[in-house]
Amino acid sequence: MAQFKELPQVGFSEAAQNLFKKMFQFNGRIRRSEYWWGFLTFIILSFVLSIVPFVGPFAVLFMTIGAVSMLFRRLHDTGRSGWWWGAQACIGLVAAVLFASAIDFYAYVSAIRANDVSEMMRVLGSAMSGSTGLLALLCYLANMVLGLVIFVFTLLDSQPQDNKYGKSPKYVAN
């Protein structure tokens, strides 16, 4: 078996720069250090930008593309497809649509306007007790489990050898 030498870790400033430089790059691989420093940059900037009226939410939405591309590349580094996130996003969308279709929006909006919390909870409870609501709840649960699996994948070490997503950003052969 070939011996591998580990390259130095990616620092905060380099990872922050790469978040923007590689915002639309969904192919390739990144190390754990670059992913987590980039993710910290994303969280900090999202918090700051969310305070800015009107433009802030759009900027955060734009930056989310960069965070997703980092996640794709991080999953690639562990030898997994970035579409694990795609599956989670699809399940989440299905759950949201099912939940929205189960709610009686007229009654819910009326309860909000009347500031009647008990009525809001009753409407939500009746939506969740139906078969569509229960299916939405199961989809949310599956989405949460898949999210935990993806989180664990981001914690795994890089594959030392080249894989179908590119060369290892962490290891070089001696």
Side-chain angles (χ1 to χ4, degrees), residues 12 15-16 19-20 22-27 29-30 32-157 165:
F12 177 76
L19 172 64
F20 295 102
K22 300 177 180 179
M23 185 169 279
F24 299 104
Q25 181 181 333
F26 287 82
N27 58 346
R29 298 168 63 174
I30 61 171
R32 271 185 300 202
S33 58
E34 182 176 351
Y35 175 76
W36 288 110
W37 283 122
F39 189 73
L40 178 63
T41 303
F42 168 73
I43 294 296
I44 292 169
L45 288 176
S46 294
F47 177 75
V48 171
L49 288 171
S50 67
I51 297 170
V52 178
F54 187 70
V55 220
F58 293 109
V60 170
L61 185 63
F62 183 72
M63 282 187 48
T64 302
I65 296 168
V68 171
S69 77
M70 279 192 324
L71 178 59
F72 265 61
R73 288 180 277 132
R74 180 69 200 122
L75 289 170
H76 290 170
D77 192 43
T78 63
R80 289 165 181 84
S81 171
W83 288 108
W84 278 85
W85 175 84
Q88 183 191 20
C90 288
I91 291 171
L93 182 63
V94 167
V97 167
L98 287 171
F99 184 67
S101 68
I103 292 178
D104 178 2
F105 275 107
Y106 178 74
Y108 191 68
V109 169
S110 297
I112 290 173
R113 286 185 179 158
N115 203 19
D116 187 354
V117 176
S118 62
E119 179 62 14
M120 284 188 264
M121 296 308 291
R122 188 199 63 73
V123 170
L124 291 175
S126 67
M128 295 311 293
S129 65
S131 60
T132 307
L134 291 175
L135 187 57
L137 196 58
L138 286 174
C139 286
Y140 279 128
L141 182 62
N143 193 10
M144 186 176 72
V145 169
L146 192 53
L148 288 172
V149 168
I150 292 170
F151 174 71
V152 169
F153 288 162
T154 64
L155 298 175
L156 297 176
D157 194 16
Y165 303 107

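Quantities reported herein were computed from a predicted structural model and do not represent experimental measurements.
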Fill in: Closest contact, heavy atoms only, Leu98 versus Leu135
CD1-CG, 3.7 Å
Practice prompt. Determine whether more than 12 heavy atoms belonging to other residues, nucleotides or ligands lie under 6.0 Å from atom OH of Tyr106.
Written response: no
Worksheet item: If you draw a 6.0 Å radius around CH2 in Trp84, do more than 12 non-hydrogen atoms from other residues or ligands fall strictly inside?
Response: no
Response to the item:
The reported gap from CZ in Phe151 to CG in Leu156 (rounded to nearest 0.5 angstrom) is 10.5 Å
Response to the item:
Heavy atoms of Ala136 and Phe99 approach each other most closely as CB-N, 3.6 Å
Discussion item. Give me the atom names and distance for the closest heavy-atom approach of Ala111 to Met120.
Written reply: CB-CG, 3.6 Å
Practice prompt. Report yes if the side chains of Met144 and Leu141 come closer than 4.5 Å at any heavy-atom pair, otherwise no.
Written response: yes
Item to complete: Check whether any side-chain heavy atom of Phe24 lies under 4.5 Å from a side-chain heavy atom of Ile65, and answer yes or no.
Response: yes
Practice prompt. Classify the ring geometry between Tyr35 and Phe39 as parallel (under 30°), tilted (30 to 60°) or perpendicular (over 60°).
Written response: parallel
Practice prompt. Flag yes if more than 12 heavy atoms outside Phe47 fall under 6.0 Å of its CZ atom; otherwise flag no.
Written response: no
Fill in: His76 side, atom NE2; Ile30 side, atom CD1 - distance, nearest 0.5 Å
10.5 Å
Item to complete: Quick one: closest heavy-atom pair of Ser101 and Thr132, and the distance?
Response: OG-CG2, 3.5 Å
Discussion item. I need the Leu19 CG to Leu40 CG distance, nearest 0.5 Å.
Written reply: 11.0 Å
Response to the item:
Scanning both residues in full, the closest heavy-atom pair of Ile150 with Gln88 reads CD1-OE1, 3.7 Å
Item to complete: Calculate, to the nearest 0.5 Å, the distance between atoms OH and CZ belonging to Tyr165 and Phe26 respectively.
Response: 14.5 Å
Item to complete: Report yes if some heavy atom in the side chain of Trp83 is under 4.5 Å from a heavy atom in the side chain of Leu75; otherwise report no.
Response: no
Worksheet item: What's the shortest heavy-atom distance between Cys139 and Val94, and which atoms?
Response: SG-CG1, 4.1 Å
Worksheet entry | Main-chain N/O of Thr154 paired to Arg32 side chain as donor or acceptor, under 3.5 Å | no
Practice prompt. Output the distance between atom SG (Cys90) and atom CH2 (Trp85), rounded to the nearest 0.5 Å.
Written response: 8.0 Å
Item to complete: Could you grab the distance from atom OG of Ser46 to atom CD1 of Ile51, nearest 0.5 Å is fine?
Response: 11.0 Å
